[in-house]
Engineer: 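The structure is given below, and queries will be raised subsequently.
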There are 2 protein chains.
Amino acid sequence: MSLITKETDYAARALLFLAKQKGRVVSSSELDKELGVPRPILRKVLQRLQREGILISQKGNRGGFTLVKEPKDIFLMDLMKIFQGNFSFLNCFVRDKLCANVKTCSIRKHVYKIEQKVVRELKTLTIQKLMREN
Amino acid sequence: MSLITKETDYAARALLFLAKQKGRVVSSSELDKELGVPRPILRKVLQRLQREGILISQKGNRGGFTLVKEPKDIFLMDLMKIFQGNFSFLNCFVRDKLCANVKTCSIRKHVYKIEQKVVRELKTLTIQKLMREN
DNA sequence: AATGAATGATACTATATTAGTATCATTTGT
DNA sequence: ACAAATGATACTAATATAGTATCATTCATT
Ligand code: FES
Ligand code: FES
């Protein structure tokens with residue numbers, strides 16, 4: 001079980017690096033060398049970040065990616081949403097109707113409480129924070 | 001992404017029910033009706049709980065399962081270990097060597113901190129607690 | 001204008017995890 | 001003897017994650 005999947009992690013790492021470059025255009029091949037992430041998947045991730053408006057891209061020779069959103073405004077939670085979708089810590093009652101009474105199910109209640117705490121923490125984590133406390 | 005898988009959830013639900021039966025022998029078919037969990041998988045789960053020493057079983061006609069461990073001594077965390085193995089919130093650096101410097105990787109550090117909080121919470125959750133606060 | 005280095009879009013394969021099923025031997029109360 | 005139960009084990013299916021491949025398009029450089 002993992003909270004952060006590789007794509008999210010790759011994205012965070014790439015953004016961290018880009019944030020340090022202050023607007024320089026960086027190609028995926030440079031990032032590849034820098035991060036050691038398999039190139040094709042790195043490209044996939046970068047393309048997605050571009051579509052999401054976090055990076056802007058420049059096509060053609062000498063092209064690449066630039067960070068366009070402020071590091072302080074990029075939350076790890078956002079990246080997780082993008083690459084992992086909305087998450088819920090508990091699935092049991094979603095697909096089926098297992099909770100005899102969803103409203104009173106204590107497992108659900110407790111796990112949900114933990115989930116909320118995690119979300120709260122994730123919502124404080126920005127790329128900027130990750131940079132600072134490196 | 002889910003913190004608690006179905007098997008863990010089924011186990012918790014089964015144990016909750018058994019805890020309320022105070023030592024009565026309950027067959028998997030009764031539990032099946034009670035919980036609405038697919039029978040074969042419920043059996044698998046119960047058998048596992050038996051092997052783990054949480055239940056004892058009685059074979060043969062009128063056989064079934066009885067809770068043998070105290071509800072206050074059964075932690076949700078234990079069930080997760082049994083059915084999900086040890087978990088870690090972050091995989092990136094495990095298989096590969098992506099963290100340029102594992103010791104200083106801030107992503108790792110932060111996620112680990114969150115993970116520890118979750119573990120701490122899970123370690124307070126017992127079947128007894130789940131019963132009480134239903 | 002040609003070239004090559006880059007991204008965009010998309011579809012595909014592989015691997016791992018989770019979920020669920022099936023089978024048959026063994027036990028035991030009636 | 002029989003039916004109702006578990007033990008053990010192996011199997012299939014579904015889903016999620018990870019990674020690859022392809023081809024069209026763009027554009028600085030020459
Ligand atoms: S029974 Fe699974 S969450 Fe309520
Ligand atoms: S780079 Fe992924 S955890 Fe350090």
Side-chain angles (χ1 to χ4, degrees), chain A residues 1-11 14 18 24-33 35-53 55-66 80 82-92 94-96 98, chain B residues 1-11 14 24-33 35-53 55-66 79-80 82-92 94-96 98:
Chain A
M1 197 275 311
S2 85
L3 185 71
I4 308 280
T5 63
K6 291 199 174 184
E7 286 192 357
T8 304
D9 188 62
Y10 296 161
L18 285 170
R24 216 186 96 227
V25 176
V26 180
S27 71
S28 64
S29 57
E30 184 183 345
L31 270 169
D32 171 22
K33 274 168 210 144
L35 305 180
V37 170
R39 177 94 76 95
I41 199 168
L42 185 57
R43 285 199 59 210
K44 192 168 67 164
V45 167
L46 292 169
Q47 287 185 6
R48 186 69 193 275
L49 290 173
Q50 183 272 136
R51 256 182 291 148
E52 298 289 339
L55 303 176
I56 51 176
S57 64
Q58 199 163 339
K59 291 174 97 177
N61 195 352
R62 318 228 87 213
F65 297 89
T66 320
M80 291 173 69
I82 292 169
F83 294 102
Q84 304 174 214
N86 285 315
F87 69 85
S88 96
F89 274 14
L90 194 54
N91 282 341
C92 105
V94 171
R95 279 199 270 242
D96 323 306
L98 291 184
Chain B
M1 196 274 313
S2 86
L3 185 70
I4 309 280
T5 63
K6 290 199 175 186
E7 286 193 357
T8 303
D9 187 65
Y10 295 162
R24 215 187 97 226
V25 177
V26 180
S27 71
S28 65
S29 57
E30 184 183 345
L31 270 170
D32 171 21
K33 274 169 210 145
L35 305 179
V37 169
R39 177 96 76 96
I41 199 167
L42 185 57
R43 285 200 58 210
K44 192 168 67 166
V45 167
L46 291 169
Q47 288 185 5
R48 186 68 193 276
L49 290 172
Q50 183 272 138
R51 256 183 290 149
E52 298 289 340
L55 303 176
I56 51 176
S57 65
Q58 200 163 337
K59 290 174 97 177
N61 194 351
R62 317 228 87 212
F65 299 89
T66 320
L79 302 179
M80 290 174 68
I82 292 169
F83 294 102
Q84 304 174 210
N86 284 316
F87 69 83
S88 96
F89 272 15
L90 195 55
N91 283 340
C92 103
V94 171
R95 277 200 272 244
D96 322 306
L98 291 183

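This is a predicted model, so every value here is computed, not measured. We name chains A, B, ... by the order of the sequence lines, and we start the count at 1 in each one.
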Engineer: Specify the separation, in whole Å, of atom CD1 of Ile41(B) and atom P of dA13(D).
Structural biologist: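 After rounding, the reported distance stands at 16 Å.
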Engineer: Specify the separation, in whole Å, of atom CD1 of Ile56(A) and atom C1' of dA6(C).
Structural biologist: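 Rounded to whole Å, this separation is 15 Å.
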Engineer: Separation of Phe83(A) atom CZ from dG19(D) atom P, in whole Å?
Structural biologist: 13 Å
Engineer: I want to check one thing: is the phosphate of dA19(C), taken as OP1 and OP2, less than 4.0 Å away from some side-chain N or O of Tyr10(B)?
Structural biologist: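 Looking at the OP1 and OP2 atoms of dA19(C), neither is under 4.0 Å from any side-chain N or O of Tyr10(B).
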Engineer: Can you tell me how far P of dT20(D) sits from CG of Asp32(A), to the nearest Å?
Structural biologist: 11 Å
Engineer: Expressed as a whole number of angstroms, how long is the span from Lys6(B):NZ to dT21(C):P?
Structural biologist: 11 Å
Engineer: How about Arg24(A): does its CZ atom have over 12 heavy atoms from other parts shown lying under 6.0 Å from it?
Structural biologist: yes
Engineer: Rounded to whole Å, how long is the line connecting atom CZ of Arg48(A) with atom P of dG19(D)?
Structural biologist: 17 Å
Engineer: For a quick test of reading the model, state the closest non-hydrogen atom pair linking Gly63(B) to Val25(B) and the distance between them.
Structural biologist: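 Scanning both residues, the minimum pair turns out to be C-CG1, 3.7 Å.
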Engineer: Taking all non-hydrogen atoms of both residues into account, name the closest pair between Gln50(B) and Ser57(B) and its distance.
Structural biologist: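 Scanning both residues completely, I find the closest heavy atoms to be CG-OG, 3.7 Å.
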Engineer: N/O contacts under 3.5 Å, protein versus nucleotides 4-10 of chain D?
Structural biologist:
from, atom 1, to, atom 2, distance (Å)
dA4(D), N3, Asn61(B), N, 3.4
dT6(D), OP1, Ser28(B), N, 2.9
dT6(D), OP2, Ser28(B), OG, 2.8
dT6(D), O3', Ser57(B), OG, 3.3
dG7(D), OP1, Gln50(B), NE2, 3.2
dG7(D), OP1, Ser57(B), OG, 2.5
dG7(D), N7, Arg43(B), NH2, 2.8
dG7(D), N7, Gln47(B), NE2, 3.1
dA8(D), N7, Gln47(B), OE1, 3.0

Engineer: Looking only at heavy atoms, which two atoms of Arg43(A) and Ser28(A) are closest? And how far apart?
Structural biologist: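 For Arg43(A) and Ser28(A), the tightest heavy-atom pair comes out as CG-OG, 3.7 Å.
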Engineer: Check the pair Tyr10(A), Leu35(A) against side chain to side chain contact (heavy atoms under 4.5 Å, CB included), reporting the backbone distance first and the verdict last.
Structural biologist: CA-CA 8 Å; Tyr10(A) 296 161; Leu35(A) 305 180; over 6 Å; no
Engineer: How far does CG of Leu79(B) sit from OG1 of Thr8(B), to the nearest 0.5 angstrom?
Structural biologist: 6.5 Å
Engineer: In whole angstrom, give the distance that lies between atom CG of Leu42(B) and atom C1' of dA19(C).
Structural biologist: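 Rounded to the whole Å, the gap is 14 Å.
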Engineer: So, for Ile4(A) and Asp9(A), which heavy atoms are closest and what is the spacing to 0.1 Å?
Structural biologist: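 Taking every non-hydrogen atom into account, CG2-N, 4.0 Å.
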Engineer: I need the NZ-P distance between Lys33(A) and dA5(C), as an integer number of Å.
Structural biologist: 11 Å
Engineer: Provide the closest heavy-atom pair for Gln84(B) versus Leu3(B) in the form atom of the first, atom of the second, distance.
Structural biologist: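 It is NE2-O, 2.8 Å.
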Engineer: Starting from the first five and the last five pairs of the helix from dA1(C)-dT30(D) to dT30(C)-dA1(D), work out the angle between the resulting helix axes, to 10 degrees.
Structural biologist: 0°
Engineer: Compare every heavy atom of Leu49(B) with every heavy atom of Ala11(B), then report the nearest pair and how far apart it is.
Structural biologist: CB-CD1, 4.1 Å
